[in-house]
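This report concerns only the one structure given below.
For this chain, numbers begin at 1 and follow the sequence in order. Hydrogens, waters and symmetry mates are skipped; everything else that's a heavy atom, side chains included, is used. Whatever order the structure lists them in is the order used to number ligands and atoms, beginning at 1.
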Amino acid sequence: MRRKMVCGCLCLLSAVVLAGCQDGAEQEEKKSIRLGVSVYRWEDAFLTTLRTELEEKAKEYEQETGIKVVMDIVDAKESQSVQNSQVERFISLGCDALCINMVDRSAASDIIVQAMDADVPVVFFNREPVEEDMERWDRLYYVGADAKQSAVIQGTILADAYDGDPSSLDLNGDGVVKYVLLEGESSHQDSLIRTEWSIQTLKDRGVPIEKLTGGIANWDRSQASALMEQWLEEYPDEIELVISNNDDMALGALDAMERCGSARPIKLVGIDATPAAVEAVREGRLMGTVSQDLETYADAIFQIARCEAEGEPVEEHVQLEGGKYYRSAQAPVTAASLSD
Ligand code: GAL
């Protein structure tokens, strides 16, 4: 009888202790969230700026709420299989949400299956998975900027300059603006659309343009610099304008011009408004760029991920298109807009 009573008491005690532990664990969960972030290439200038903003957002949130945010940010080193393994590891570490900048935007399937199996939501950003993949689950999101809008703004910066003073672009006054084109990765949704709409905008606005040549420099400063060096040799007295799908390539072209001691005041325009590009606009070395408003961009990524992690309705904090897409606002950055 005594043995039974002791045993009963012990059971009761352990039940109380266990329940206490569980409560503690739940409270503990609410006090901290874990996010796994993977970017396609660490050195990418635009993503470096975005990464910094994202870390800022996490810090601000921690300070405002006292909820600890553990954010693991890793480099996928331009390998889709490396990124797939990173996702596997994030899930095994118990991440509450993933923020993924796909290496290959057409290969999101593996990541989506892993995430669905583990019930871990995913915020894709900057490199948009195909619609079919995005439709597979209601806990998949995409944050990015509208590529057509970036390009129309880029074209408008140039057309406005030409309207104000044709000689700002038509350096030799022959009635035609001769340009070279620097393009991003051929597999990236932004490259083709940016190229198409930047040129279309110039045509629509009646700017007389002629393409001398163009090439793919994969968003990369040194690849763009090498191409531009080659073009400066091929067309020493003809290039009047460099239209670039992003800032880092425009800066690469500028590097080549400075290295080759190019005497002509060739104009350059980019997209992204990276800190280095904004500085170059301020110094008059770059004619303009397009801001993708990285603060709201990073905020959208962070808010979606943390709402999902904490079980809060995302749409109370972030306005989404079709329940899953967020497109950040964009604006021209020129010497005039900077002095406003
Ligand atoms: C673009 C951006 C580029 C590069 C690329 C990477 O949106 O303009 O500079 O970062 O994304 O996916």
Look only at interatomic distance and state if Glu185 has a nitrogen or oxygen under 3.5 Å from any nitrogen or oxygen of ligand 1. no

For Arg41, state whether at least one heavy atom is located under 4.0 Å from any atom of ligand 1. no

Trace of the side chain to side chain contact (heavy atoms under 4.5 Å, CB included) decision for Asp248 with Phe46: CA-CA 8 Å; Asp248 225 30; Phe46 173 72; over 6 Å; no

By number and element, which atoms of ligand 1 are closer than 4.0 Å to a non-hydrogen atom of Phe46? 2 (C), 9 (O), 10 (O)

Report yes if the side chains of Tyr325 and Leu320 come closer than 4.5 Å at any heavy-atom pair, otherwise no. no

Could you tell me whether some N/O pair between Asp44 and ligand 1 is separated by less than 3.5 angstrom? yes

Counting heavy atoms under 4.0 Å, the part of Arg105 that contacts ligand 1 is neither

Arg127 versus ligand 1: do any nitrogen or oxygen atoms come within less than 3.5 Å of each other? yes

Please confirm whether Asn245 comes within less than 3.5 Å of ligand 1 when only nitrogen or oxygen atoms on both sides are compared. no

Is the shortest side-chain N to carboxylate O distance from Glu295 to Lys57 below 4.0 Å? yes

So that I know where these two stand, are Tyr326 and Tyr142 an aromatic pair - ring centroids less than 6.0 Å apart? no

Gln83 side chain to Gln80 side chain, donor-acceptor N/O pair below 3.5 angstrom: yes

Note: Asp138-Lys324 ion pair, threshold 4.0 Å (strictly below): no

Salt bridge or not between Glu183 and Arg194? Use side-chain N to carboxylate O under 4.0 Å. no

Considering only heavy atoms of Asp272, which atoms of ligand 1 have at least one such atom less than 4.0 Å away? 2 (C), 3 (C), 8 (O), 9 (O)

How far is atom 12 (O) of ligand 1 from its nearest protein heavy atom, and which residue and atom name does that atom have? Asn126 OD1, 2.6 Å

Give yes if a backbone or side-chain nitrogen or oxygen of His188 is under 3.5 Å from a nitrogen or oxygen of ligand 1, and no if not. yes

Taking atom types as modelled, is there a side-chain donor on Gln330 or Ser150 under 3.5 Å from an acceptor on the other? yes

Could you list which atoms of ligand 1 come closer than 4.0 Å to a heavy atom of Asp190? 1 (C), 7 (O)

